[in-house]
Amino acid sequence: MATVEFQAVSKRYQPQMPPAVINLNMVCREGEMVALLGPSGCGKSSTLKMAAGLEDLTEGEILFGGRPVSRLSAGARNIAMVFEDYCLYPNLTIAENIDFPLSVRGYSHAARKERVGDVLAMLGLTDMADQKVRDLSGGAQQRIAIGRAVVRDPDLILFDEPLSHLDGDQKIHLRAEISRLQKSRGVTSILVTHDQTEATAMADRIAIMRAGVLQQVDAPSRLYERPANIFVGNFIGEPPMNLLSASLEGALGHITIPIVGVDVVVDDERRRMIEARQQPDLIVGIRPEHLIVESVSAARPANARITYREPRGDADSLVLSALNRSDEVLVAELPGPTAFRAGDGVHVRIPPEKMHLFDKDTESNLELDK
Amino acid sequence: MTSMATVSSSLGGPSRGDLYLSNLTKQFGRQKVIDDVGLSVAMGEVLALVGPSGAGKTTLCRLIAGLEQPDSGSCFIDGEDVGDRSPGDRRVALMFESYALYPHLTVRENVRSPLLARGREGRPESANGRIDEILSMLEIAHLADRQPVALSGGQKQRVALARALVQSPKVLLLDEPISHLDAKLRHKLRGEIRRQLTNRNHPTIWSTPDGLEGLSVGDRVAVLDHGRIEQIGTPEDIWLRPASIKVAKLFGDPPMNVLRGELNAEGGKTFFRRSDMSIELPQALVANAGRHVGKTVFLGLRPDVLELAASGMPGTTPAQVYSNESFGKHSIVTLRVGAGELVKIKAKHHSALSLGEDVSIRCGAAAFYLFDGVTGLGAPS
């Protein structure tokens, strides 16, 4: 177990190509799981490979527990890896697979027996210890691969897309299991995934990367509640955040959002903050689950129409087109099943306290320091 | 949008424009892969075919396309029995789960290929606009001149999908059309493809192992398991009135919790009991529970309706926190109840919970489902 620190790490594969990782500064605290998340080409895999010692750093340093490791080979780093395709020895039993890293490192017989026994008990596999792994399901194999990773208490475990090969229910089951095992052993871990659900479910903090640059590293709830910029706001959450052009008008804190013709009044603090910028135009972000969609009544005239309704079991996703601007769409998500149908006129409101305010040009969150 | 289609297709008998299957059975060796399947899909309707892998989804598609011959039963397309017609004469567009792209052709040529082969679609060059439109909807327009070898799995899948969507067939069969795309793209394309399919003048079957995807894209959903249809209904039917435990467990993230126990009646109240727990059932459920009293039942508890309460609250079930996965808009809390059974709750507000902490589960009336202890079938409601 150790703190893992990236200090001004950059990676450039070819001089004429843009760098894969640019000036990455990040600390993974002891016992924490940090997920690297981003679209393909964002630099997450390069970062993982540099931590593992499978790629050299172009610039910067990586420290395990304060000790620089960038000149150490992968084998000398005291790390363990869990891959998407398990990489178990099919002819060995469950216990033999878990024991393997101990036996090749020359642990004593007694220590091996004790550690393997502990891990088997933790995985609930004590009774199956002597089964060959080749007949097991993907989910069961991946649990054994995790057992093999934790058995010698490495400084760091690197999880590389550990759930990619599994079916839906196995995925749901195993992501809870990985999170539980990692927390109960308290091993510092880095998870690389392209799936935000996995990252959110398992990681203590998520590092969002884009084109080699770290955008934000924060707890999942913080990323959701206070995204650093439009990219993060849009990337975290499904369906993605609605982004609407808006402007502050008058001295009373009215923010006019032309798309649904809504006028939202913000509190004094936010009004002063926007006024101080001398730039009335901004982008309002509102998550689909925070839009209020109501049936039309005399007091609540229609300002949008449902163009498409997607039932999702316990929620309905609604695609809405604004009546005043039919080319603009909003996506709302309501607890479901609802009685709304495609073609219905509805009244849409935006609760001011759920709005995210972004700079139109830099795309940064205006309230990041709050 | 679909009520007409639903009504007409629930009436018996093949009719023009429809796909109609009756008593279809197919055996490979001694295993029945398709077991007495009957269903109909109307013109313009999308039927989502949901089942775990190995349920028979692909075989059913291949039977409709004429690539396999049924042992018994019949298949009507556009009102005609197609039993003795070759695949080429059925005008079925099948998107293969394995893509089946021509390796020597470019993306555009692959997508155009079915139009050339049939000669029914007018001049192939007049289809260029449609090809471009579908390629850009699927976000592969920039790959039009590449060959399949230069594509990722997800990109190949979209080429195969484009090749199916560009046709004007009598039946469109999409076999797991978006299963290999990453989550973000899958969410985005699901709705766009679905909207592309409305107002088409042919029936569509969209097969998927993902229950929620089935609810999202289907006008109706057919649940297939071990070659048998477990239930056919609207997405609401399937979600609110699952016909069996098998159906209930295929839908939802996380899926319904199912506990085995016994029903006891006591002083006008009905309880679900096992050696390690006792839960009082809501009145709404008791009316239909009568015949199960004294018998083994399965109790289904929907994760989105269960709530966490402080430990020891009256009328709640004690539990310990096993794991806590925090998502932005909700958390999934896994709890250990009784002697070790795991129950998942989808909590709207995330709270700080430590592993092993004692809590309670409050079950609102809407959370409960009863299934027969022997057959696993749902109690009528």
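In what follows, chains are A, B, ... by sequence order, proteins preceding strands, each numbered from 1. Atom set for the values below is all heavy atoms of this structure, side chains included, hydrogens, waters and symmetry mates excluded. All values derive from a computational prediction rather than experimental measurement.
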Please look at A/Ser164 and chain B and tell me whether the side chain, the backbone, both or neither of the residue comes under 4.5 angstrom of a heavy atom of that chain. neither

Okay, A/Pro337 and chain B: the region with an atom under 4.5 Å from a heavy atom over there is side chain

If the plane angle is over 60° it's perpendicular, under 30° parallel, otherwise tilted; pick one for A/His356 and A/Phe358. parallel

Per-residue contact mode, [X] against chain A (heavy atom under 4.5 angstrom):
X	value
B/Lys188	neither
B/Pro209	neither
B/Ile238	neither
B/Lys184	both

Look at A/Asp314, A/Asp195, A/Thr200 and state which one has the largest set of heavy-atom pairs under 4.5 Å with chain B. A/Asp314

Top of A/Glu238, A/Glu289, A/His194 for chain B proximity - count of heavy-atom pairs under 4.5 angstrom: A/Glu238

Any Lys/Arg nitrogen of [X] or [Y] sitting under 4.0 Å from an Asp/Glu carboxylate oxygen of the other?
X	Y	result
A/Glu310	B/Arg194	no
B/Glu192	B/Arg195	no
A/Arg143	A/Glu177	yes

Sequence neighbours left out, cut at 3.5 Å: what donor-acceptor pairs do the side chains of residues 46-57 of chain B make with other protein atoms?
residue : atom : partner : partner atom : Å
B/Lys57 : NZ   : B/Gly51 : O            : 2.7
B/Lys57 : NZ   : B/Pro52 : O            : 3.2

Worked verdict on A/Glu333 versus A/Arg312 for salt bridge (charged side-chain N to carboxylate O under 4.0 Å, His left out): CA-CA 10 Å; A/Glu333 190 177 77; A/Arg312 300 287 291 160; over 6 Å; no

Tell me the salt bridge (charged side-chain N to carboxylate O under 4.0 Å, His left out) pairs involving residues 230-240 of chain B, sequence neighbours left out? A/Arg309-B/Glu236, A/Arg341-B/Glu236, B/Glu230-B/Lys246, B/Asp237-B/Arg241

Greatest number of non-hydrogen atom pairs under 4.5 angstrom with chain A, of B/Leu355, B/Asp253, B/Asp210, falls to B/Asp253

